[in-house]
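Scroll down for the structure; my scribbles are underneath it.
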Amino acid sequence: MATMTSIFNVLFLFFTFFPFAKSIDFNFSAVFNFGDSNSDTGNLISGGFESIDPPYGQIYFHTPSGRYCDGRLIVDFLMDAMDMPFLNAYLDSIGAPIFRRGCNFAAAGSTILPANPTSVSPFSFGVQVSQFIRFKSRVLELLSQGKKFAKYIPAEDYFSKGLYMFDIGQNDLAGAFYSKSLDQILASIPTILAEFETGIKRLYDEEARNFWIHNTGPLGCLTQNVAKFGTDPSKLDQQGCVSGHNQAAQLFNLQLQALCKKLQGQYTDTNFIYVDIYTIKSNLIANYSRYGFEQPIMACCGYGGAPLNYDSRIVCGQTKVLNGTTVTANGCSDSTEYVNWDGIHYTEAANEFVSSQILTGKYSDPPFTNKMPFLLKIKY
Ligand SMILES: *[C@@H]1O[C@H](CO)[C@@H](O)[C@H](O)[C@H]1NC(C)=O
Ligand SMILES: *[C@@H]1O[C@H](CO)[C@@H](O)[C@H](O)[C@H]1NC(C)=O
Ligand SMILES: *[C@@H]1O[C@H](CO)[C@@H](O)[C@H](O)[C@H]1NC(C)=O
């Protein structure tokens, strides 16, 4: 009986997770990624602003790897699906920094709006775009010197044919809740998006033509926000998420989608793909057991135990003295049962689910079609 059930579950999970994933072939020469910890593959750590300890990275890289996760991020799964190697972080200069198929400028803690002295990351969106411009001009300079570096850096036409991916905005909203009212935050969204638009236009001026933009997830479901802002049960929705945070995320997403439409209309030689991460993640959190998870909100790696296993004073992997007692924020025994890894970031298992849903093409606007020059062979 148990075996029958688990075979059924495996088949069920297979078809729910990978309905069409294998049937889309992408044809991008390179990927340039911009964002925050949701897609940082090592910039904040390489920049020397923070360090992370095990159990970060435990399930896949077997070392913290610079990612705020137990394993792979959504961007890693997407690179895999596009038959490309994982993106190297721009600031990661040790080892074998090969940027042939692109470069990652995302850094944990980054915001769209310019960083201030209390920001976790100085690499706000405008800075990431400036880093890209510097990267591109260095590449062109090296290419002009002959073939010596060709296998490490993009070819000249990769900049116009490559994919530009974005996952940023979460920290602008989540950070604001510590000092502003919900109304103030909602009113600030156009200013945040105006700054985003400025960055997109700078990239367009640098020949970027394929834009793939993730909207922001249900911030109110992150353990950290439930712990800090959800102590009054009237502030929580049916799923146990903080309503105000999710309301801000949804308004941000509506305006982001409208911006993508506007830019698509202005730049007829571009492809703008808006991806609805919010819907995928909220479906995962509401229907977690159907997708093979046991904990939608509680952090796998943290301190304090159920119901949240989160304590803002002690980060996943750290040991500290609290009230005279030495305590450690440890990982749970099986992170694949958890949606949330460390209170702020998703587990690899959750990231794999989200990526598989993105790859169905059902959550993008416009939906994937064979008319997109970089999407070959879509079989539904
Ligand atoms: C893939 O894209 C490149 C240009 O970026 C193009 O030359 C090539 O023909 C494309 N491949 C297919 C199979 O369409
Ligand atoms: C949960 O699943 C049900 C049934 O498929 C669906 O109608 C609902 O929208 C899902 N919940 C969320 C928040 O996506
Ligand atoms: C520390 O002490 C406070 C007040 O007695 C208590 O609420 C809290 O749970 C204690 N924390 C730890 C880590 O034991």
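Quantities reported herein were computed from a predicted structural model and do not represent experimental measurements. Start at 1 and go down the list; that is how both ligands and their atoms are numbered. Numbers for residues simply follow the sequence, beginning at 1.
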Practice task
Identify whether the distance between the nearest side-chain nitrogen and carboxylate oxygen of Lys261 and Asp365 falls below 4.0 Å.
Solution key: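 Yes, Lys261 and Asp365 are salt-bridged.
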
Exercise for the section: Give the numbers and elements of all ligand 2 atoms closer than 4.0 Å to a heavy atom of Asn283. Expected result: 1 (C), 10 (C), 12 (C), 14 (O)

Handout entry: Contact check, Gln239 vs ligand 2, heavy-atom distance below 4.0 Å
Key = no

Handout entry: Distance flag for atom 5 (O) of ligand 2, protein heavy atom under 4.0 Å
Key =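 It does; a protein heavy atom is within 4.0 Å.
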
Practice task
Look up atom 14 (O) of ligand 2 and tell me if a protein heavy atom lies less than 4.0 Å from it?
Solution key: yes

Practice task
Report yes if some heavy atom in the side chain of Thr326 is under 4.5 Å from a heavy atom in the side chain of Lys320; otherwise report no.
Solution key: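 When only atoms from C-beta onward are counted, Lys320 and Thr326 do not touch, as no gap falls below 4.5 Å.
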
Exercise for the section: Output yes when the distance from some N or O of ligand 2 to some N or O of Ser282 is under 3.5 Å, and no in every other case. Expected result: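 Ser282 vs ligand 2: no N/O contact under 3.5 Å.
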
Practice task
Would you check if there is a donor-acceptor pair between the side chains of Tyr274 and Asn215 at a distance under 3.5 Å?
Solution key: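 There is such a pair between these side chains.
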
Practice task
Taking side-chain contact (heavy atoms from CB on, under 4.5 Å) as the test, write out the residues that go with Thr111, two or more places apart.
Solution key: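 Thr111 satisfies side-chain contact (heavy atoms from CB on, under 4.5 Å) with Ser124, Asn171, Asp172 once adjacent residues are dropped.
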
Exercise for the section: Indicate, as side chain, backbone, both or neither, the part of Asn287 found under 4.0 angstrom from ligand 2 when only non-hydrogen atoms are considered. Expected result: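 It is the side chain that gets close, since no backbone atom is under 4.0 Å.
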
Handout entry: Passing candidate, side-chain hydrogen bond (donor to acceptor under 3.5 Å, both in side chains) with Tyr158, options Arg101, Arg100, Lys136
Key =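 Per the side-chain hydrogen bond (donor to acceptor under 3.5 Å, both in side chains) rule, the option paired with Tyr158 is Arg100, out of Arg101, Arg100, Lys136.
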
